[in-house]
Structures are given as structure tokens and as C-alpha cells.
S.K.: 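Below is the structure I would like to discuss, written out as C-alpha cells.
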2 protein chains.
Amino acid sequence: MSKPTVHDIAKEAGVSLATVDRVLNARPGVREKTIAKVNAAVERLGYVRDTYAANLARQRQYRFVFVLPEGPSQFTETLKAALKEAYASQIADRVVLRTVSVPANDPHAIVRSLRSLDTDRLDGVAIMAPETPQVRDAIARLKEAGLAVVALATDLPNSKRDYFIGINNLSAGRTAALLMGRFAGGRGEVLVVTNSMRSRDSLERRLGFDEVMKSDFPEMVVLPSIETYDDPARMESVIADVVENRPGVVGLYSMGLGNVPLLDALRDAGRAGDLIVIAHELTPKTREALQQNELAAVITQNVGHLVRSALRVLRAFCDSQSIFEAQERIRIEIVLRENLY
Amino acid sequence: MSKPTVHDIAKEAGVSLATVDRVLNARPGVREKTIAKVNAAVERLGYVRDTYAANLARQRQYRFVFVLPEGPSQFTETLKAALKEAYASQIADRVVLRTVSVPANDPHAIVRSLRSLDTDRLDGVAIMAPETPQVRDAIARLKEAGLAVVALATDLPNSKRDYFIGINNLSAGRTAALLMGRFAGGRGEVLVVTNSMRSRDSLERRLGFDEVMKSDFPEMVVLPSIETYDDPARMESVIADVVENRPGVVGLYSMGLGNVPLLDALRDAGRAGDLIVIAHELTPKTREALQQNELAAVITQNVGHLVRSALRVLRAFCDSQSIFEAQERIRIEIVLRENLY
DNA sequence: TTGTAAGCGTTATCAG
DNA sequence: CTGATAACGCTTACAA
């Protein structure tokens with residue numbers, strides 16, 4: 001009834017522990033016939049390797065750094081919380097973790113951080129930062145030093161990063177459009193706002209949004225993207241303008257950060273429950289707005305999955321193992337008032 | 001740079017390994033002063049216990065059985081696949097797993113299976129079965145034998161099960177209603193079908209559906225639930241009736257199993273892309289229907305989460321540890337054509 | 001090409 | 001009350 005161990009396999013196959021190990025790990029120096037004997041025993045007993053015992057014996061250590069944008073963003077806060085939780089739990093088995101905060105919009109500071117990483121005492125890095133040529137160079141350096149590098153939440157597609165952990169923002173935009181179009185009954189004007197179109201995420205979301213709007217809801221009019229540059233006053237004036245001069249607007253798609261000022265402005269303008277508003281990222285504030293019917297839908301990614309996936313993928317790349325793509329695909333989650341969890 | 005171990009703590013505190021272990025595991029027979037010394041060392045070095053090494057030394061084994069409905073249901077197929085995957089991965093650390101299939105609608109067979117379990121060689125059971133008095137009794141017996149018992153996917157609320165792993169079906173129905181109402185623009189008639197209203201899941205979903213329809217979309221008319229008893233012919237006639245006699249019907253909510261015959265009937269009637277159809281469970285067939293715009297939305301639960309959660313919870317109950325409720329809450333996922341993953 | 005023995009971080013048993 | 005010491009399942013020198 002109990003799980004078979006390497007000892008059982010050795011006995012069953014009539015060989016030693018070391019030989020079993022060699023076969024299991026595909027190490028050289030074993031006769032074909034012996035390999036077959038061992039594999040047969042494995043098959044017969046239904047042996048499953050105990051990865052944890054293996055890592056224990058191997059003394060494997062994974063030293064990772066997470067480079068995250070600093071500042072009071074609700075998103076990075078939840079990200080850090082998820083990281084702490086993962087670290088305390090079994091997910092972070094054999095992992096030594098450190099997080100580094102960098103100013104989100106200071107490319108030089110980001111590069112400085114990346115350059116200051118001691119590549120000799122490190123096995124992998126997860127980076128959440130906007131892509132710039134300097135960042136690309138810094139990543140190239142990390143890769144040359146043999147580290148595993150993943151982009152987190154926002155992709156660095158032209159860098160040498162091994163993998164991107166996050167949602168496909170084109171699909172996210174398409175999903176938003178499908179919801180918007182269906183909620184609006186396929187008619188009316190839609191306002192699109194973001195804090196900044198310099199962010200690749202916003203660009204991709206807009207692209208996807210437009211694709212579906214054009215193909216599925218040709219009668220709807222999507223207005224040009226409006227940037228608020230993280231300025232609440234600008235947000236206020238954008239909304240005020242809509243209220244006064246744009247009676248045809250039925251919906252609003254908030255692609256980027258800054259949902260708090262947006263919701264404030266809508267409330268001030270008295271249009272909170274009235275426009276169809278779709279935003280990104282589930283946070284305490286957006287959650288509350290869903291409950292109040294001020295947001296029609298939130299499109300989000302599960303931050304817990306994000307960090308667990310990052311950990312798994314970094315490990316896999318360190319061991320040059322293949323990853324199970326399907327498991328690492330971060331889902332685009334749609335949250336309404338009724339499935340707030 | 002490397003993680004401190006019990007050896008480091010022992011050295012730092014000037015005591016032996018055994019004493020450190022006693023303190024860490026809160027075992028009796030250690031002087032207050034020594035406890036303080038050890039804890040101080042733990043604090044100073046930032047020690048985190050290696051759970052896997054601990055379990056290895058402890059020789060802990062968790063022997064679990066999953067009792068699942070047999071038959072060619074797409075849902076149970078994916079469930080079994082997820083179980084196999086979890087078993088092969090690190091989630092099932094120290095777990096010995098067996099699955100038992102029982103005829104879904106034969107209460108006696110279910111009870112026979114439950115009674116035939118050897119409680120001496122078992123630590124926990126996960127059960128997916130409709131609740132009957134006999135099932136309740138069988139579960140009571142398992143609990144008396146000291147096993148951990150969880151209900152999987154469908155709850156057994158009046159039994160002595162320790163926990164329910166699955167979605168809240170009332171919320172699922174509410175979510176469906178919110179989607180339906182918004183997609184339909186708050187007007188029109190809605191047809192509700194299920195294979196059987198004897199299932200608690202369908203009852204609860206209907207309840208939630210009606211709640212939101214009444215409160216949020218008072219102008220919409222929800223027709224009485226129609227049961228198809230897993231009979232494709234009945235499904236055909238239901239749809240045909242709608243086409244001929246119910247011009248006001250704009251939407252269809254499929255609460256239960258049987259999406260394949262439903263979709264076939266809709267196609268035959270030529271209403272496939274036209275009605276707003278919302279169904280449950282993401283399977284190859286419903287996935288395809290989403291892509292074809294034949295389904296407007298699918299409400300589903302992630303089966304991988306389901307089994308991982310079951311494993312975690314069973315383990316926790318075996319060790320009489322508390323569980324982290326938030327982590328075990330299974331999300332109600334909304335899937336549209338654009339976030340099919 | 002194969003086997004022996006030590007050790008990974010933790011727990012458990014037995015003396016002191 | 002406290003401390004050696006031998007496991008757990010696996011890997012890895014080093015020997016044969």
C-alpha cells in the first residue's frame with residue numbers, strides 16, 4: 001500500500017541503488033539490458049520519484065530576485081503579498097527569494113538595479129518593468145551570466161528573457177470589447193482611457209479592443225484613446241467633457257492604471273451607475289465598485305498564479321527542464337458583481 | 001546566503017538538534033529559558049522549516065480515495081485527468097491515491113462502494129455523488145472511523161463531510177442571470193433547461209438565477225425550468241417548441257449536464273447563433289461552441305484547482321490543521337469566446 | 001559497468 | 001530536561 005522507493009526498485013530489478021539512480025536520471029554508463037531491467041521494475045511497481053527527497057539530497061538551491069515597480073500601486077501591493085504567501089508555502093521549495101523595488105518610470109534606475117545584481121550568487125530573475133533598450137541590454141547581461149530571466153505581468157518581447165508570465169493583452173482587449181459590445185447591445189460610442197499609451201500593455205489592449213469592435217460590433221463608435229498621465233485633474237476634465245458634450249457615449253473602457261480617480265470622477269459627474277464601465281485588475285477599490293454597480297466588469301489576472309507560475313518557470317529554466325505550457329498560461333478572468341469570490 | 005537549518009539553530013543557541021526540534025514542534029520537556037534561547041536563534045537567523053524534509057523524516061503518508069461518477073461525462077473525464085496530473089506533480093507529495101468509479105445515478109451502488117472502503121488503510125475520501133440518506137449514513141461511518149471526508153464539486157451539506165470543495169451554485173446562477181440580463185438588454189423571455197431538477201446543483205442555480213433576474217431585470221420573463229432527463233429527443237422537442245411557439249424567447253440558460261444535445265438541437269432548429277445561450281462547464285464541446293458564437297458564455301470551475309484543493313484540504317484535516325479558506329475558494333469563472341485560454 | 005557509503009534537513013528513539 | 005544517533009528517499013563521490 002505504501003509508495004515504492006528506489007530501494008524497492010533496486011531489489012525488484014536485482015541491482016544497486018546507484019544503478020537505479022543512474023537509470024532514473026538517464027545518466028551514462030549503464031548497459032542497455034540493465035536499463036531495461038530497471039525500467040521494467042519501475043513500471044511493475046508503479047514508482048513515482050519523490051522530487052522533494054531528490055532536491056534535498058541534491059542540495060539544490062534556487063536563488064531568485066523579483067524586480068518590481070515601487071510605489072503605492074494596488075497591483076504591486078497584491079503582488080508582493082502573493083510573493084510572501086508563496087514563499088511561506090510549499091511552492092517556494094528550496095527557493096531563496098529577494099525582492100527589489102525600482103521606480104516604475106525611471107529607466108535608468110531600473111537598469112542600475114539590474115546591473116547591481118550579483119550574478120554569481122543568483123540563479124534567476126523575474127522582472128516587471130517597461131521595455132527600453134537599456135533594460136534589454138541589462139537582461140542580455142543577465143542571460144550571458146547564465147541566469148534564468150522571466151518577464152512578469154508585462155512582457156519584454158524584444159529582450160532575451162526566457163519566458164513571459166502574464167496575460168495576453170491583445171486577448172484581454174478583445175475580451176473587454178466583446179463584453180462591452182454585448183452589454184451595450186452593439187450600439188453607441190465608447191470612450192477609451194488609460195494613464196499612458198506609452199505602456200505596451202495599453203497599446204495591445206487597444207489593438208485587441210478595436211479588432212473585436214470592428215468585426216463584431218460595426219455600428220459602435222470607439223473614440224480615440226485618452227491619456228490621463230496619472231493626473232486626477234485630467235481625469236475629471238475628461239469625464240466632465242463626456243457628460244457635457246458626448247451624449248452618445250454609452251461605455252467606457254479603462255485600459256490602464258488609475259481606476260480610483262476614474263471612479264471618483266464618474267461619481268462626481270453623477271454618471272457612476274449609468275455608463276458601462278469596464279476596467280482592469282481586481283483590487284479592493286474595483287471590487288467595491290463592482291458591488292456598487294459602478295463597474296460593469298473587471299478583467300483581471302490571478303496574482304497568486306502569476307507568482308507561482310514565475311517560480312515554477314524560473315526553476316524549470318534553471319534545471320533546463322521543459323515547462324508544461326498549459327499550466328503556465330495565465331487566465332484572463334472576467335469578474336462581475338456576482339462572481340467576486 | 002543559504003538557508004539556515006536546524007543545525008545552525010542548534011549551534012547558534014548552544015543546544016542540541018533534539019532540543020531545537022522539541023522547541024520547533026512545541027513538544028514538552030524543555031525549560032522556558034532554553035525555549036527562549038532557541039526561539040531567539042530562530043529569529044536571528046530567519047529560520048524557515050523545510051516542510052518536505054520534515055515530512056520525509058516523519059514518514060507521513062496520506063492514503064486517499066476519490067469516489068467519482070463513472071460514465072462518459074466530459075466533466076468527470078477532465079476531473080480524472082486533473083487528478084492524474086496532480087498525482088504526477090509535486091502537489092501530491094506523500095499522497096497515495098486511488099480512484100473509484102460508481103454509477104452516477106445508482107444510490108445503492110454508491111453506498112456499496114463507500115461501505116467497501118477499508119477504513120483501516122485509508123486517511124481520507126473525496127466524494128462526488130448526489131446526496132441521499134444512505135450516502136449520508138455511509139459518510140457518517142467513514143467519519144466515525146476517523147477519516148477526513150470532503151464533498152467534491154457537488155455538496156453534501158447535510159452529511160458529516162468535513163468540507164465542500166466546489167463553487168457556490170447559488171452564486172453561479174446569479175452570475176448567469178447577470179450575464180443573461182446584460183446581454184439581453186434587460187428585455188425578453190428566458191428559457192431554463194437542465195437534465196434534471198433532482199440535482200441540488202440545478203436547484204440552487206435556478207434559485208440564484210431567479211433572484212438576480214427579479215432584482216436587476218424585472219422586465220424579463222423567466223420561464224419554468226424544463227427537464228430533459230438526459231434524453232436528446234426531449235431536448236429536440238423543447239427547442240422546436242420554442243422556435244415555433246415562443247417568439248419572445250431571447251435567451252436560454254442551460255443549468256445542468258447535456259450541452260451536447262442542446263447544441264445539436266439548436267443547430268437543427270437554426271437558432272444556434274441567434275439565441276443568447278449560457279451553459280456550465282468548459283469542455284471540448286462547449287469550447288467549440290463558444291468559438292462558433294453558438295454559446296454566449298460558459299460558467300465553469302477550474303478542475304485543476306478542484307483536485308489540488310481537495311488534496312490540500314484532505315491533508316489539512318488529516319493533520320487537524322486549519323485550512324486557509326481564501327485559497328480553497330473555487331472561483332466561478334466566466335468564459336467567453338475571447339478568453340478561452 | 002556496477003556497488004558502497006555518506007549525507008541532505010528533519011524527526012524520533014533511546015540514553016544520560 | 002537534554003543530547004547522540006539512526007532513520008526517511010534520494011543523490012553522489014569513490015571504489016571495485
Side-chain angles (χ1 to χ4, degrees), chain A residues 1-39 41-42 45-63 90 92-96 318-319 321, chain B residues 1-39 41-42 45-63 87-90 92-96 319 321:
Chain A
M1 185 74 197
S2 84
K3 259 182 165 167
T5 75
V6 272
H7 292 89
D8 301 320
I9 304 290
K11 202 175 294 171
E12 177 83 9
V15 297
S16 79
L17 240 44
T19 301
V20 172
D21 182 69
R22 284 189 266 261
V23 174
L24 289 177
N25 294 296
R27 279 188 261 272
V30 188
R31 280 207 327 248
E32 276 301 333
K33 232 183 107 180
T34 318
I35 296 182
K37 263 201 302 190
V38 172
N39 282 330
V42 166
L45 302 185
Y47 170 79
V48 183
R49 158 198 289 74
D50 183 335
T51 341
Y52 296 108
N55 280 337
L56 178 59
R58 227 190 281 263
Q59 289 232 84
R60 193 70 174 91
Q61 278 249 20
Y62 303 90
R63 297 159 302 175
Q90 317 194 324
D93 173 49
R94 318 247 110 228
V95 168
V96 185
C318 285
D319 300 341
Q321 283 185 345
Chain B
M1 184 74 198
S2 86
K3 261 182 166 167
T5 75
V6 273
H7 292 88
D8 301 320
I9 304 289
K11 202 174 295 173
E12 177 83 9
V15 298
S16 80
L17 239 46
T19 301
V20 172
D21 181 67
R22 282 189 268 262
V23 174
L24 289 177
N25 293 296
R27 278 188 262 272
V30 187
R31 280 207 328 250
E32 277 301 333
K33 232 182 107 180
T34 317
I35 296 181
K37 264 200 302 190
V38 172
N39 282 330
V42 165
L45 302 186
Y47 170 79
V48 184
R49 172 218 249 89
D50 183 334
T51 340
Y52 294 107
N55 280 337
L56 178 59
R58 228 191 283 263
Q59 286 242 87
R60 191 68 174 94
Q61 277 250 20
Y62 303 88
R63 298 158 302 176
Y87 192 57
S89 86
Q90 318 193 324
D93 173 49
R94 319 247 111 228
V95 168
V96 185
D319 299 341
Q321 283 184 346

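These numbers come from the heavy atoms of this one structure, side chains and all, not from hydrogens, waters or symmetry mates. A note on names: the letters A, B, ... follow the listed sequences, proteins ahead of strands, and every chain is numbered from 1.
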S.K.: Reckon A/R27 touches a base, only the sugar-phosphate, or nothing at all at heavy-atom distances under 4.0 Å?
M.R.: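 The answer is sugar-phosphate, as A/R27 gets under 4.0 Å only of primed atoms, P, OP1 or OP2.
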S.K.: Estimate the overall bend of the helix from C/dT1-D/dA16 to C/dG16-D/dC1 from the end axes over five pairs each, rounded to 10 degrees.
M.R.: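 So the angle between the two local helix axes works out to 40°.
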S.K.: Just so I know, are the side chains of A/V42 and A/E12 near enough to count as touching, which here means a heavy-atom distance under 4.5 Å?
M.R.: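 A/V42 vs A/E12: side chains apart.
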S.K.: Could you state the NE2-C1' distance from B/H7 to C/dC8, rounded to the nearest angstrom?
M.R.: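 In whole Å, C/dC8 C1' lies 9 Å from B/H7 NE2.
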S.K.: Let me know, please, whether B/L56 or B/G14 comes out on the 5' side of the other along DNA chain D by nearest nucleotide.
M.R.: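 By nearest-heavy-atom nucleotide position, the 5'-most residue is B/G14.
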S.K.: What contact category does A/D50 fall into here, base, sugar-phosphate, or nothing, at under 4.0 angstrom with non-hydrogen atoms?
M.R.: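 It contacts sugar-phosphate atoms only.
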S.K.: With sugar-phosphate meaning primed atoms plus P, OP1 and OP2, does B/V30 contact a base, only sugar-phosphate, or nothing at under 4.0 Å between heavy atoms?
M.R.: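 If one applies the 4.0 Å heavy-atom cut-off, B/V30 turns out to touch the sugar-phosphate alone, with no base involved.
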S.K.: Using atom CG of B/L24 as one end and atom P of C/dA12 as the other, report the distance to the nearest whole Å.
M.R.: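 One finds 12 Å between P of C/dA12 and CG of B/L24, rounded.
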S.K.: Pick the closest DNA chain C nucleotide for A/L17 and for B/L17 by heavy atoms, then say which residue is nearer the 5' end.
M.R.: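 On the 5' side of the pair lies A/L17.
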S.K.: Starting from P on C/dC8, measure out to CG on A/D21 and report it in whole angstrom.
M.R.: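 Spelled out: CG on A/D21 to P on C/dC8 is 17 Å.
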S.K.: Using side-chain contact (heavy atoms from CB on, under 4.5 Å), reason through B/Q61 and B/V95 one step at a time and then give a plain yes or no.
M.R.: CA-CA 6 Å; B/Q61 277 250 20; B/V95 168; over 6 Å; no
S.K.: Which part of the nucleic acid, if any, lies within reach of B/A18 when heavy atoms closer than 4.0 Å are counted: base, sugar-phosphate only, or nothing?
M.R.: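 Result for B/A18 = base.
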S.K.: Separation of A/N55 atom CG from C/dG9 atom P, in whole Å?
M.R.: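 Going from A/N55 (CG) to C/dG9 (P), I get 12 Å.
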S.K.: Have a look at A/R49 and say if it touches a base, only the backbone sugar-phosphate, or nothing, with a 4.0 Å heavy-atom cut-off.
M.R.: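 Touches sugar-phosphate only.
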S.K.: Would you kindly check if the NZ (Lys) or CZ (Arg) of A/R60 is within the cone defined by 45 degrees around the ring axis of A/Y62 and under 6.0 Å from the six-membered ring centre?
M.R.: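 Yes - A/R60 lies over the ring of A/Y62, closer than 6.0 Å to its centre and within 45° of its axis.
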S.K.: Between which nucleotides of DNA chain D, read 5' to 3', does contact with chain B run, using atoms under 4.0 Å from its heavy atoms?
M.R.: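 Contact span on the strand: D/dC1 to D/dG9.
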